[in-house]
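What follows is one structure encoded as C-alpha cells, with my remarks underneath.
Just so you know, these numbers use all the heavy atoms, side chains as well, and skip hydrogens, waters and symmetry mates.
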Amino acid sequence: MDSVIRAWVNGDLVDTTAPAISAIDHGVTVGDGVFETCKIEAGVPFALTRHFRRLERSASGLGLGPLDLPYVQKGIDAVLSAGEPIDFGRLRFTVTGGRGPLGSDRHMDTELTYVVTAASQARPSRAAHLAVTPWTRNERSAVAGLKTTSYAENVVALAFAHERGAIEAVFANTRGDLCECTGSNIFVVVGEQVCTPPLSSGALAGITRELTIQWCRDAGIPVAEESLSLGVLRTCDEVFITSSLRDVHGVERIDERILPAPGPVTARIAAIFAERAAAEVDP
C-alpha cells in the first residue's frame with residue numbers, strides 16, 4: 001500500500017520532509033487553526049460539501065476567516081492527482097491563523113495558511129475496543145463543538161487507550177454524561193432504541209454522525225439525541241462509533257466489558273450507511 005503522504009501548502013505541492021510553513025505560524029505556536037478529515041474512496045473524497053460547511057463553522061467560531069474554499073479545493077485536486085488514485089485513505093485540509101506572535105494574540109491582517117494532505121491507509125478493523133478515560137470534555141469550553149488543531153488532550157487520551165489495547169478513548173463531560181471519543185461520535189443501543197449524546201454534551205457535530213441519524217430516520221429507525229449517563233456503557237445492549245474513516249463501526253469491548261459486535265441493530269445501521277454512501281458520494 002502506498003502510504004506516502006502527499007502535501008500541498010499555500011498553492012504548491014511540497015516535500016513533507018522539508019520546511020513548508022513559517023516557524024511562527026500561529027497553528028504551530030498556539031494551535032490556532034481548524035481542519036477537516038474526509039474519507040477517500042476509489043480516489044474520491046466523501047461528503048466534501050458537508051466538510052466544507054463544518055470547516056467554515058469552526059473557522060467562524062475560532063474567529064478565523066473568511067475562508068477561501070475554492071483555494072482549498074485547488075489543494076485537494078492537487079494532492080489527489082499527484083499519483084495513482086488512492087483506493088482508501090485520508091484527506092485532511094487545515095487552515096491556520098498564519099504568521100503571528102509567540103503568544104495567544106493574533107495578527108488580524110496576516111494571511112491564513114492553507115494545508116492539504118492525503119495518504120492511503122488500512123481499512124478499519126472488524127470491531128472496535130474502547131477505553132474510558134479518567135478525563136472529561138468541557139461542554140462549556142470556548143471551543144466546544146469546533147474542530148480545531150488543538151488536539152493535545154486527544155493525543156494523551158488516545159495514548160491512554162492504546163496502552164490498554166484499545167483503539168479509541170471515551171470521554172464523559174463535566175456533568176458525568178457520555179460525550180464522545182477522541183475522533184469519533186458514540187451511539188448506544190438499548191433494546192431497539194438507538195441513542196447518542198446531544199451536541200450540547202460538548203460532542204463534535206460529526207459528519208458521519210449527522211448522516212447516520214438522517215439515514216436511520218429515513219429508514220424508519222428512530223435515533224434519540226439525549227443526555228446519557230456514562231454508566232449506560234455498562235448496561236446497554238450494543239455500542240457503535242462513527243467517524244469519517246470508520247463509517248459505522250461496531251464496538252466489541254469497552255474496558256473489560258464484552259459486547260456483540262456488530263449487534264443486530266448496529267449491523268442493520270451499518271448496511272444502511274454503506275448502501276446510501278455508495279449511492280451518493282457527496283450527500
Side-chain angles (χ1 to χ4, degrees), residues 34-61 67-81 85-95 116-121 123-124 128 145-147 168 180-181 183-189 194-199 201 203-225 238-251 262 265-283:
V34 295
F35 77 100
E36 286 291 318
T37 297
C38 292
K39 175 178 66 172
I40 301 170
E41 191 77 65
V44 179
F46 178 70
L48 191 56
T49 298
R50 290 178 188 251
H51 282 283
F52 276 170
R53 289 174 185 159
R54 189 174 64 180
L55 186 74
E56 288 189 305
R57 291 197 302 271
S58 293
S60 177
L67 304 185
D68 188 344
L69 293 183
Y71 195 47
V72 177
Q73 184 65 63
K74 180 180 177 181
I76 291 171
D77 294 341
V79 296
L80 292 181
S81 62
I86 295 173
D87 179 58
F88 181 81
R90 178 193 303 262
L91 171 69
R92 173 176 168 138
F93 37 98
T94 304
V95 183
V116 182
T117 54
S120 299
Q121 71 172 60
R123 293 183 182 273
L146 305 182
K147 197 169 178 69
E168 255 287 30
E180 63 179 352
C181 301
S184 313
N185 292 109
I186 188 165
F187 291 71
V188 300
V189 180
V194 183
C195 303
T196 193
L199 299 183
S201 70
L204 183 72
I207 303 300
T208 308
R209 173 191 184 274
E210 179 179 75
L211 288 171
T212 298
I213 293 170
Q214 177 184 326
W215 290 345
C216 278
R217 290 172 177 169
D218 289 349
I221 302 174
V223 179
E225 298 176 77
E238 302 175 36
V239 177
F240 63 89
I241 56 177
T242 62
S243 72
S244 290
L245 295 173
R246 298 184 184 279
D247 292 344
V248 175
H249 197 184
V251 172
V265 176
T266 299
R268 183 184 174 198
I269 292 171
I272 290 168
F273 191 96
E275 180 180 5
R276 292 290 298 265
E280 190 173 1
V281 72
D282 195 20

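Between atom CG of residue L146 and atom CG of residue L55 there is a gap of 11.0 Å, rounded to the nearest 0.5 Å. Here CZ of F187 is found 4.5 Å from CD1 of I213. Values are rounded to the nearest 0.5 Å. Separation of atoms OG (S184) and CG (L204) is listed at 10.5 Å; rounding is to 0.5 Å. Here the CD1 atom belonging to I241 is positioned 11.5 Å from the OG1 atom belonging to T196, to the nearest 0.5 angstrom. Distance check: Q121 CD to K39 NZ gives 11.5 Å after rounding to the nearest 0.5 Å. The distance from atom CG of L91 to atom NE2 of H51, rounded to the nearest 0.5 Å, is 9.0 Å.
Nearest heavy atoms, V265 versus E238: N-OE2, 3.2 Å. Taking each heavy atom of T266 and P262 in turn, the nearest pair found is CG2-CB, 3.9 Å. Counting all heavy atoms, side chain and backbone alike, T242 lies closest to T208 at CB-CG2, 3.8 Å. Heavy-atom minimum distance, G250 versus F240: CA-CB, 4.0 Å. Minimum interatomic distance between A118 and V79 (heavy atoms only, all atoms of both residues): CB-CG2, 3.9 Å. Pairing each heavy atom of P283 with each of A47, the nearest pair is CD-CA, 4.0 Å.
Using a distance-only test at 3.5 Å, with no hydrogens or angles considered, no donor-acceptor pair links the side chain of R246 to the main chain of P124. Within the 3.5 Å criterion, the main-chain N or O of G183 finds a donor-acceptor partner in the side chain of E168. With hydrogens and angles ignored, the 3.5 Å screen pairs no side-chain donor or acceptor of D247 with any backbone N or O of A270. Checking side-chain atoms of S244 against main-chain N and O of T37 turns up a donor-acceptor pair under 3.5 Å. Here the side chain of D282 pairs a donor or acceptor atom with the backbone of L48 at under 3.5 angstrom. S58 places a side-chain N or O within 3.5 Å of a backbone atom of K147 that can act as its donor or acceptor partner.
Considering only heavy atoms from C-beta on, I272 comes within 4.5 Å of I221 through its side chain. Side-chain atoms of L67 and F93, non-hydrogen and from C-beta on, never get closer than 4.5 Å to each other. Counting heavy atoms from C-beta outward, S120 and D87 have side chains that stay 4.5 Å or more apart. The closest side-chain heavy-atom distance from R209 to L199 is below 4.5 Å.
Comment: E280 does not engage R50 in a salt bridge, judged by the lack of any side-chain N to carboxylate O separation of less than 4.0 angstrom. Looking at E41 and R123, a side-chain N of the basic residue comes within less than 4.0 Å of a carboxylate O on the acidic one, giving a salt bridge.
Note: F273 and W215 have tilted aromatic rings, judged against thresholds of 30 and 60 degrees for the angle between ring planes.
Under the salt bridge (charged side-chain N to carboxylate O under 4.0 Å, His left out) criterion, E275 pairs with no residue at all, not counting sequence neighbours. Taking D77 as the reference, Q73 meet the side-chain hydrogen bond (donor to acceptor under 3.5 Å, both in side chains) condition, with sequence neighbours excluded.
Atom CZ of R53 has 12 or fewer neighbouring heavy atoms from other residues, nucleotides or ligands inside a 6.0 Å radius.
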